[in-house]
S.K.: 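Quick one: this structure, given as structure tokens, is what I'll be asking you about.
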Amino acid sequence: MKRERIVAGNWKMNLNAQEATLLAKQVAEATMDVNGTTVILFPSFPFLSLVYAEIANGRVAIGAQDCSSHEKGAYTGEVGAGMLSSLGCRYVLIGHSERRTYFNESSALLINKIRQVLQHKMRPVFCFGEKLEDRRSGQYFQVVKEQLLSVLSGFELNELQQFILAYEPVWAIGTGETATPQQAQEMHAFIRQVLSENYSVEFASGISILYGGSCNAQNAKELFACADVDGGLIGGASLKSADFSAIMHSF
Ligand code: PGA
């Protein structure tokens, strides 16, 4: 297992078809001189094919923001992992704090979603992070450890090797308040320590751990320079091609 540098754009529920197509084209162009960094775009479901058509240069991959925990069948409105992989998706975001908060997604549900992702040969980008009250009360290490292990414990090591982790402190998401490089590094190092205690040193040092939460063109360089930060999951700043391009070039 080798650690990868990754810059991923989570477009959330933004853009229309024309805007998504244009942004994908701009991102594809901006990756022409990016070497050694995996770039992933996470558009909304309806735009996956449009974006896929624009990233034909092969330097950008696409992923979905969510998937169903069911394989297929009578689940109106749901989107199955098999459908996503048939569209060219290679990644799926799982456990984003917005899904946990607004759609009550539990660790048990996340495990079932990840099973679907793995079954269809895609990689989960598993998101977790503490809330502001956890940070203030000093409980943040414990909270992060529990979120992490409650889901990872559902899988075997060979499955876990497909995971990408994204530490996203909830107080930093969309707030303009970023974790300092020290805070990010401290947590990423802690995550690797938890993984080496529960699995192996090799696994802990090989897995990619992204930082997310108000990462932007100004602060990405400093965050990505941290020893245990392997890149970023970018929300707001991924919607502007110039900003996202600057972030892609921040390593
Ligand atoms: P943000 O979102 O960059 O807008 O804070 C990050 C995320 O939710 O993944």
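Quick caveat: nothing in here was measured; it's all calculated off a predicted structure. In listed order, ligands and their atoms are each counted from 1. Numbers here simply count residues along the sequence, with the first being 1.
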S.K.: Can Arg123 and Glu4 be counted as an ion pair, charged N to O under 4.0 angstrom?
M.R.: yes
S.K.: Take the angle between the ring planes of Phe251 and Phe224 and call it parallel below 30°, perpendicular above 60°, tilted in between.
M.R.: parallel
S.K.: For Gly174, take its heavy atoms, then give the atoms of ligand 1 lying under 4.0 Å from any of them.
M.R.: 1 (P), 4 (O), 5 (O)
S.K.: Atom 7 (C) of ligand 1: which protein heavy atom is closest, and how many Å away?
M.R.: Glu168 OE2, 3.2 Å
S.K.: Check the orientation of Tyr167 and Phe128. Use parallel for under 30°, tilted for 30 to 60°, and perpendicular for over 60°.
M.R.: tilted
S.K.: Is the number of heavy atoms from other residues, nucleotides or ligands under 6.0 Å of Lys12 NZ greater than 12?
M.R.: yes
S.K.: Is it true that Ser214 lies under 4.0 Å from ligand 1, counting heavy atoms only?
M.R.: yes
S.K.: Atom 3 (O) of ligand 1: which protein heavy atom is closest, and how many Å away?
M.R.: Gly235 N, 2.8 Å
S.K.: Can you list the atoms of ligand 1 that are under 4.0 Å from a heavy atom of Asn10?
M.R.: 9 (O)
S.K.: With heavy-atom distances below 4.0 Å as the criterion, list the atoms of ligand 1 near His96.
M.R.: 7 (C), 8 (O), 9 (O)
S.K.: Under 3.5 Å, N or O to N or O, is Gly236 touching ligand 1 that way?
M.R.: yes
S.K.: Around atom 2 (O) of ligand 1, find the nearest protein heavy atom and jot down its residue, atom name and distance.
M.R.: Lys12 NZ, 3.3 Å
S.K.: For Phe244, what residues pass the ring pair (Phe, Tyr, Trp, His ring centres under 6.0 Å) criterion, not counting sequence neighbours?
M.R.: none
S.K.: Does Ala172 come within less than 4.0 angstrom of ligand 1, counting non-hydrogen atoms of the residue?
M.R.: yes
S.K.: Strictly under 4.0 Å, does any heavy atom of Ala237 approach an atom of ligand 1?
M.R.: no
S.K.: Check this for me - ligand 1, Ile234, N or O atoms closer than 3.5 angstrom, yes or no?
M.R.: no
S.K.: Run the ring pair (Phe, Tyr, Trp, His ring centres under 6.0 Å) test against Tyr52 and tell me which residues pass, sequence neighbours left out.
M.R.: none
S.K.: Between Gly213 and ligand 1, does any nitrogen or oxygen pair lie at a separation below 3.5 Å?
M.R.: no
S.K.: Where on Ile173 is there a heavy atom closer than 4.0 Å to ligand 1, on the side chain, on the backbone, on both, or on neither?
M.R.: both
S.K.: Should Glu105 and Arg100 count as an ion pair when the cut-off is N to O under 4.0 Å?
M.R.: no
S.K.: For Arg3, does the CZ atom have more than 12 heavy-atom neighbours from other residues, nucleotides or ligands under 6.0 Å away?
M.R.: yes
S.K.: Quick check on side chain to side chain donor-acceptor pair (under 3.5 Å): which of Arg192, His188, Gln193 does Asp228 satisfy it with?
M.R.: Arg192
